Amino acid sequence: MREKSTVEEIRTRFDSDVERFANLDTGQSAAIDAALVLDLMTASAARVTPNARRVLDIGCGAGNYSIKLARHLSGIEVDLIDLSRPMLDRASERVGHATSGTVRAIQGDIRDLDLGTEQYDIVLAAAVLHHLREDDEWSAVFRSIRKALRPGGSFWISDLVAHDHTGVHDLMWTRYGAYLSALRDDDYRDHVFEYIAQEDSPRSVRYQIERLRAAGFAWVEVLHKNGPFAALGAGL
């Protein structure tokens, strides 16, 4: 198999896939428990950081997570980051209707952006970190997010995950394949597995917790895990 997709190839795919990421009721249907995780993450973020005023949404897609969070925290200011300009345009429009706060769109790769120091109360990263490749990228991004959070701030992740034991990993992905086949059909399962293999580099929950701790986060919570999908929270 050829090397993993480039940033430009990933951007191109998402440019033409906006509406699939714009359903608040179902979330991204290819992800198990997508709607539940959307609710859990945003409700947890609001509960843990109730006085939050400024939010960063990394890999915002069409804006679902920021929209849901705005229902818990009225008037929040939101900075949206995504590779895809069509995603950002759609997210800006939708989030702008959900909050009276300022909404700013930033097109770029989180690996290349300076997030500043103590700028945000909440950082969201939904279905995006699996695009990180090397260990040093994961560590650098976690350190950058840690630095960008204000005292008492929180960071929330939902994502595709791998497993440390190959037996467990194989079982979880077999079950995921059955989920995709039942959702649509075997061709759809094969299509999803093909682009995951080509595009994504998921890491285990343990791996992410260890790097969050190493980056300086004071606490980490596992909100939910079902098969190869998990949601985590971390904070200062």
Side-chain angles (χ1 to χ4, degrees), residues 21-22 24-25 27 33-82 87-88 90-106 108 110 113-129 138-159 205 208-209 211-225 230-236:
F21 292 83
L24 278 175
D25 295 324
D33 291 344
L36 171 63
V37 169
L38 179 58
D39 285 337
L40 276 176
M41 254 182 60
T42 53
S44 296
R47 180 69 64 91
V48 169
T49 323
N51 297 316
R53 301 304 306 158
R54 193 171 183 210
V55 174
L56 175 65
D57 190 343
I58 300 169
C60 65
N64 283 353
Y65 278 79
S66 289
I67 293 168
K68 281 277 191 176
L69 185 61
R71 294 180 179 179
H72 295 283
L73 300 170
S74 63
I76 53 173
E77 298 180 354
V78 181
D79 284 358
L80 303 164
I81 294 176
D82 206 277
M87 285 285 192
L88 282 169
R90 188 79 167 98
S92 297
E93 176 191 13
R94 297 174 75 224
V95 177
H97 289 306
T99 181
S100 59
T102 301
V103 177
R104 186 170 65 134
I106 304 164
I110 186 61
L113 297 174
D114 181 358
L115 304 182
T117 302
E118 296 185 6
Q119 297 294 309
Y120 300 101
D121 302 298
I122 293 173
V123 176
L124 305 170
V128 61
L129 297 181
W138 284 84
S139 296
V141 166
F142 282 168
R143 287 195 302 268
S144 177
I145 292 167
R146 163 67 179 83
K147 180 182 175 184
L149 280 171
R150 293 169 177 163
S154 60
F155 173 36
W156 305 89
I157 301 167
S158 68
D159 218 329
V205 172
Q208 295 183 57
I209 289 174
R211 275 157 181 75
L212 288 165
R213 291 287 193 184
F217 286 89
W219 57 265
V220 182
E221 294 281 356
V222 178
L223 297 180
H224 184 70
K225 184 180 181 304
L232 310 175
L236 309 183

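Because only heavy atoms are used, hydrogens play no part in the values below, and waters and symmetry mates are left out as well, while side chains stay in. This structure is a prediction, so every number in the text was calculated from the model and none was measured.
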Return the [atom1] to [atom2] distance between [X] and [Y], rounded to the nearest 0.5 Å.
X      : Y      : atom1 : atom2 : result
Phe142 : Arg213 : CZ    : CZ    : 13.0 Å
Asp33  : Ser158 : CG    : OG    : 11.5 Å
Leu56  : Leu124 : CG    : CG    : 8.0 Å
Ile122 : Met41  : CD1   : CE    : 10.0 Å
Thr102 : Glu77  : OG1   : CD    : 4.5 Å

> Partners of Arg104 by side chain to side chain contact (heavy atoms under 4.5 Å, CB included), sequence neighbours excluded?
Replying inline: Arg54, Asp79, Ile106, Tyr120
> Which residues satisfy the side chain to side chain contact (heavy atoms under 4.5 Å, CB included) test with Ser139, sequence neighbours excluded?
Replying inline: Arg143, Arg211
Contact check, side chains of [X] and [Y], non-hydrogen atoms, under 4.5 Å:
X      : Y      : value
Ile145 : Ile58  : yes
Leu236 : Arg150 : no
Asp39  : Lys68  : yes
Val55  : Tyr65  : no
Val123 : Leu115 : no
Val95  : Asp57  : no
Ile81  : Val128 : no
Gln208 : Leu232 : yes

> Asp82 side chain to Met87 main-chain N or O, any donor-acceptor pair under 3.5 Å?
Replying inline: no
>> side-chain contact (heavy atoms from CB on, under 4.5 Å), that's the test. Do Leu73 and Thr49 meet it? Break it down for me.
In response: CA-CA 9 Å; Leu73 300 170; Thr49 323; 5.9 Å; no
Those residues that, when tested against [X], pass side chain to side chain donor-acceptor pair (under 3.5 Å) (two or more places apart):
X      : result
Lys225 : His163
Arg146 : none
Thr42  : none

Closest heavy-atom contact between [X] and [Y]?
X      : Y      : result
Ala125 : Phe155 : CB-CE1, 3.9 Å
Ser66  : Ile76  : O-CD1, 4.5 Å
Ala62  : Arg94  : O-NH1, 2.6 Å
His224 : Leu40  : CB-CD1, 3.9 Å
Ala91  : Cys60  : CB-SG, 4.0 Å
Ser154 : Val48  : CB-CG1, 4.2 Å

> How would you list, by chain and number, every residue that makes a salt bridge (charged side-chain N to carboxylate O under 4.0 Å, His left out) with Glu93, sequence neighbours excluded?
Replying inline: Arg90
>> If you count heavy atoms of other groups shown closer than 6.0 angstrom to CZ of Arg47, is the number above 12?
In response: no
